[in-house]
Amino acid sequence: MSNASDSAATPAAPSGQHEQQHDQYDVAAIEARWLPYWEQEGTFVAAEDDERERKYVLDMFPYPSGDLHMGHAEAFAIGDVPARYARLRGYNVLHPIGWDSFGLPAENAAIKNDAHPAEWTYRNIDTQASSFKRYAISADWTRRLHTSDEAYYRWTQWLFLQFHQRGLAYRKDSPVNWCPKDQTVLANEQVVDGACERCGTEVTKKSLNQWYFAITEYADRLLDDMDQLSGRWPERVLAMQRNWIGRSTGASVRYTIEPAADGADVEPVEVFTTRPDTLYGVTFMVVAADAELAEQLVTDQHRGELEAYREQLGSVSDIERQSAERERTGVFLGRHAIHPLTGERLPVWASDYVLADYGTGAVMGVPAHDQRDLEFARAMGLDVRVVVDTGEDDPVETGVATAGEGAAINSPAWEGRDKAAAIERAVEVLAEQHVGEATVNYRLRDWLLSRQRFWGAPIPIVHCETCGEVPVPEDQLPVQLPDDLRGEQLSPKGRSPLAAAESWVRTSCPSCGGAAERDTDTMDTFVDSSWYFLRFLSPHDDSQVFDVEAAKRWMPVDQYVGGVEHAILHLLYARFFTKVIHDLGLIDFDEPFSALMNQGQVLNGGRAMSKSLGNGVDLGEQLDAYGVDAVRLTMVFASPPEDDVDWADVSPSGSAKFLARAWRLAQDVSSAVGVDPADGVAGLRATTHRTVAEVEQLVEAQKFNVIIARLMELVNAIRKEIDAGAGGADPAVREATEITAQILSLVSPYTAEDMWAVLGREPSVANSSWPVVEETLLVDDTVTAVVQVKGKLRDKLAVPADISAEDLEAKALALPKIQKYVDEGGGVRKVIVREPKLVNVVTG
RNA sequence: GCCCCCAUAGCCCAAUCGGAAGAGGCAGCUGAUUUAAAAUCAGCACAGUCUGGGUUCGAAUCCCAGUGGGGGCACCA
């Protein structure tokens, strides 16, 4: 069972010997034969002037972290199936490849090795590119791109300027997530459980002036347009995006604030609530302790207490603060708000359970019907007033708030109404009194895009003392990265390394010509990957961001393939970019990916492969041991594409065995090219055409693993026919074997190509035409009908396939066994007939 | 706490519309071939579909409740 002992690991035969070795399946020789051929012939180049119907099949492009690994092997084997299938079905297929080549690892490697990030990056890209070529992805290499190329990031900067011009890229001061280890800010999406997604360091808050994309302006469209993706994207990805956007509808309510003893006027405070129906249950108001609002509201007598409270909070980490069991804390601000409907005086408190950056940073306290408010009220001795009768016990006694449905009580303006009707009426009342209105709030925040790191696209903005923030004119793009920084000069210092390149920073203002400074931050690398699928349309065009005419022809992407780890970040950002680019008038669609497939992970022994577990499997070793085709076949066959593949559960040696078995069939075909399959044995022909018909459905349904199972059956059937049936000269055997090569080419291109050549056909099998199913071969003359009595199988019956319901029923009822059961059951009550396959006799 | 997905043989997994529970593979066993082994070939066995209800002539499939596993969001008002 050890890999090393597997016979598929036979070293390559010297070239030129394969003619003599045709009875031996020699993986290395077959790979060596076809790889250069495809490259020379440009077999997979997508033509612009080809007017056949088009398909754009895209794998999420890789980050160049070292060589390819098992995860790449799975993803790209799976992504190649729809691409190759479309090609066989006669589509003009675009299946490009490139690299997402900006990012932190390159920079860290550069610091460590006293080098420039570009050196590490492009070396890794070269390594991966040659591995990809060997892996025989049917990619169009002429469109290869790297996001770290000037020719690419120039247009990333151009897009930034378009966003900026429309007010969608802006700067603001805000507390932001800060990773102390990477010394850079992070987007909300990059903070997982309070820690940096990349390095795991606990994230702190820092108040900084940063660049943002106004993705929240697109929140509704991002949410609502998911309807058109339903059924074509995995449901869980859509669910994750819905969660992330977190739209909640409710009302904003304005509370006037009672002037303090010192007489100073205070602005009204607006709060957001999803439960305006509980308005009569409000007994207090709480503002976020860390919000400016708290400072504005606190009276002089209580200012000291607020400051002490804030100081105390500073020592509490985010993770601790979010723990559910924490006691409610807070301070009274010495101030009262006026209830907009009752005129009651409501004490205003500050607490850390209210978030400063959601809604308005203030909430109305409804302790009877909100658990958090109830806990706070109990801790502070505040009133609890029940205004919804849910039929549950009094929250005051149980300590459990009743958040469910029920009739409104103690609510004069909507007494007795159920939740929905009460909410509706409450919003009306608020509007009539001019104290509130229906409002929508989102969990989604604007996308923080600036990074204080080197290896990214510089933000094309110049800061001028007289003109302020000035965009770099488009004809001066790209703003190139300075090339004289390397090694230690790139180490994180809490501000961008670009700031150290003084001659780079010093520039003149594009507007007034005076002395000015460049913005020293670079863009989040997710910006780069938010539009690369468009750049693939015209990667060498230096006159425009992408060819808008080509976009009409190719976009949107018909099939996007990638890991579920990008469910929120990349996919949400790419959708956002597409909508903005749509609004810029460059494209006429507003969703980039019509269909999405998530492939699973590759595990080993039930766990993700990792260095610390020591369970890593080296892709190169697997390829050397079993061959590219066997590894690809194993990946596809192991499970449905979206499921994880556990390398400990699968058998690449079994795959290699199957490939050899399939390949040998081609050796045994002795009929000439072009013989009429109609002259061949009928049984095998029926199996063949049934397989083709089924494979068509299986590709559409993305059940790629089952394709392999069907192919194995076909191979078994051909073997049987050759050895114990009509023999290798039968035309049906040739037809079946040719089709085997075609189906196999979806997954194991080398073996398939070689079979195709051995069969005497012109390469490439990848561009051959998909077999036409002969429908007449799919229908049997006779079928087996099952006969049930009360749903239990009691007998079987061979009948003509076109039997009528009446005849089938008569035949079934005439069966002696059935008569026996019918008699025992007390006679026929009803007969269900589904001709020609089933009869169910109901007795009694 | 809220939401999404999943559960079929020792293991990975099939099963169009609700119509015979089993296609394929792995591991296992038997045999042929072989001096032997490998490779190859032929064959065998193993579950009644997580549990409990319901709908139906008929449920792996639909509905309800639960158990177990995976995932997302979460002091978001």
Side-chain angles (χ1 to χ4, degrees), chain A residues 1 5-8 24-25 234-248 250 271-275 278 286 288 321-324 326 328 351-355 357-366 369-373 375-376 403 441-445 564 567-568 633-634 637-640 642-646 648-655 657-658 660-661 664 694 697-698 701 703 705-716 719-720 723-724 784-796 829-834 837-844:
Chain A
M1 266 304 287
S5 68
D6 201 288
S7 75
Q24 195 72 43
Y25 176 70
E235 208 41 58
R236 64 169 168 157
V237 173
L238 298 176
M240 282 155 84
Q241 294 212 356
R242 274 189 205 106
N243 272 342
W244 191 262
I245 295 168
R247 178 163 69 191
S248 50
V271 303
F272 174 73
T273 177
T274 55
R275 293 292 304 273
T278 62
V286 192
R321 205 173 62 79
Q322 285 170 19
S323 122
R326 261 190 84 242
R328 297 291 167 197
S351 172
D352 65 344
Y353 86 90
V354 176
L355 304 177
D357 60 349
Y358 183 77
T360 60
V363 302
M364 57 186 217
V366 187
H369 307 297
D370 182 286
Q371 189 59 33
R372 296 155 302 186
D373 294 343
E375 285 163 15
F376 189 73
N441 245 297
Y442 303 90
R443 209 195 69 94
L444 182 70
R445 306 294 147 85
V564 72
I568 294 168
L633 186 88
T634 304
F637 181 46
S639 60
E642 65 275 15
D643 286 8
D644 291 344
V645 173
D646 193 329
D649 289 339
V650 296
S651 172
S653 65
S655 298
K657 232 153 59 173
F658 166 73
R661 193 169 144 81
R664 257 182 270 113
E694 204 166 350
Q697 287 173 9
L698 291 166
K703 296 179 179 179
N705 55 327
V706 189
I707 294 173
I708 308 304
R710 292 293 165 268
L711 194 57
M712 287 172 170
E713 286 178 86
L714 181 59
V715 166
N716 289 342
R719 182 84 260 157
K720 199 167 229 168
D723 290 350
T784 305
V786 298
V787 185
Q788 302 172 337
V789 178
K790 291 188 94 170
K792 285 196 172 137
L793 176 69
R794 295 306 184 190
D795 207 351
K796 295 175 197 175
R829 178 148 59 96
K830 190 177 171 187
V831 183
I832 287 104
V833 183
R834 292 283 177 274
K837 295 191 107 166
L838 179 128
V839 177
N840 186 12
V841 184
V842 188
T843 58

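Letters A, B, ... mirror the listed sequences (proteins, then strands); counts begin at 1.
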Under 4.0 Å, heavy atoms only, any strand: does [X] hit a base, just the sugar-phosphate, or nothing?
X        : value
A:Lys796 : base
A:Val650 : nothing
A:Arg794 : nothing
A:Asp370 : nothing
A:Gln788 : base
A:Arg661 : sugar-phosphate
A:Pro640 : sugar-phosphate
A:Thr784 : base
A:Arg443 : base

In terms of side-chain heavy atoms of [X], which of [options] is nearest?
X        : options             : result
A:Arg710 : B:A23, B:C26, B:A77 : B:A23
A:Val354 : B:A77, B:G71, B:C75 : B:A77
A:Arg664 : B:A77, B:C41, B:C26 : B:C41
A:Tyr358 : B:A77, B:C75, B:A20 : B:A77
A:Ile832 : B:C57, B:U40, B:A74 : B:C57
A:Thr273 : B:A77, B:C73, B:C75 : B:A77
A:Ile568 : B:A77, B:C57, B:C73 : B:C73
A:Ala709 : B:A77, B:C75, B:A23 : B:A23
A:Ser639 : B:C4, B:C12, B:G43  : B:C12
A:Met712 : B:G58, B:G24, B:C11 : B:G24

Whole angstroms only, please: what is the [atom1]-[atom2] distance between [X] and [N]?
X        : N     : atom1 : atom2 : value
A:Ile707 : B:A15 : CD1   : P     : 12 Å
A:Arg247 : B:C3  : CZ    : C1'   : 16 Å
A:Leu838 : B:G58 : CG    : P     : 13 Å
A:Asp352 : B:A77 : CG    : P     : 18 Å
A:Asp373 : B:A77 : CG    : P     : 12 Å
A:Leu711 : B:G25 : CG    : P     : 12 Å
A:Glu694 : B:A23 : CD    : P     : 13 Å
A:Asn243 : B:C73 : CG    : C1'   : 4 Å

What pair of heavy atoms forms the shortest contact from [X] to [Y], and how long is it?
X        : Y        : value
A:Ala638 : A:Val650 : CB-CG1, 3.5 Å
A:Tyr358 : A:Ser248 : OH-OG, 3.1 Å
A:Ala288 : A:Val354 : CB-O, 3.2 Å

Under 4.0 Å from OP1 or OP2 of [N]: is there any side-chain N or O of [X] that close?
X        : N     : result
A:Lys830 : B:C57 : yes
A:Asn705 : B:A14 : yes
A:Lys720 : B:A42 : no

Can you check the distance between [N] and [M], where both ends of the measurement are the [atom1] atom (answer in whole Å)?
N     : M     : atom1 : answer
B:U61 : B:U16 : C1'   : 12 Å
B:G52 : B:G43 : C1'   : 41 Å
B:A9  : B:G70 : C1'   : 23 Å
B:C26 : B:A14 : C1'   : 15 Å
B:C62 : B:G18 : P     : 8 Å
B:C50 : B:U33 : C1'   : 46 Å
B:C6  : B:U49 : C1'   : 14 Å
B:G28 : B:G69 : P     : 31 Å

**Asked** Is the base of B:C26 syn or anti, where syn means the angle lies within 90° of 0?
**Response**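 Base orientation: anti.
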**Request:** Tell me whether B:G48 sits syn or anti, counting syn as a glycosidic angle within 90° of 0.
**Result:**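 Because its glycosidic torsion lies within 90° of 0, B:G48 adopts the syn conformation.
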**Asked** Where each residue is assigned the nucleotide of RNA chain B containing its nearest heavy atom, which of A:Leu698 and A:Arg719 is assigned the position nearer the 5′ end?
**Response**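 In this pair, the answer is A:Leu698.
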**Message:** Heavy-atom nearest nucleotide on RNA chain B for A:Gln697 versus A:Ala239: which residue maps closer to 5'?
**Reply:**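 Looking at the nearest nucleotide for each, A:Ala239 comes out on the 5' side.
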**Prompt:** Just by distance, with hydrogens left out, do A:Asn840 and A:Arg834 show a side-chain donor and acceptor under 3.5 Å apart?
**Reply:**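 Distance-only check fails for A:Asn840 and A:Arg834.
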Going by heavy atoms in the side chains, are [X] and [Y] under 4.5 Å from each other?
X        : Y        : value
A:Leu711 : A:Phe658 : yes
A:Asn716 : A:Arg661 : yes
A:Val787 : A:Arg794 : no
A:Met364 : A:Thr278 : yes
A:Lys703 : A:Asn705 : yes

**Prompt:** Between A:Arg275 and A:Val366, is a side-chain contact (heavy atoms from CB on, under 4.5 Å) present by the stated rule, with each step listed?
**Reply:** CA-CA 9 Å; A:Arg275 293 292 304 273; A:Val366 187; over 6 Å; no
**Prompt:** Taking both distances under 3.5 Å as the test for a Watson-Crick or G-U pair, what stems of at least three pairs does RNA chain B have?
**Reply:**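 Output for stems: B:1-7 with B:67-73, B:10-12 with B:24-26, B:28-32 with B:40-44, B:50-54 with B:62-66.
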**Message:** Would you call the rings of A:Tyr353 and A:Phe376 parallel, tilted or perpendicular, taking 30° and 60° as the class edges?
**Reply:**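 Rings of A:Tyr353 and A:Phe376: tilted, as their planes differ by 30° to 60°.
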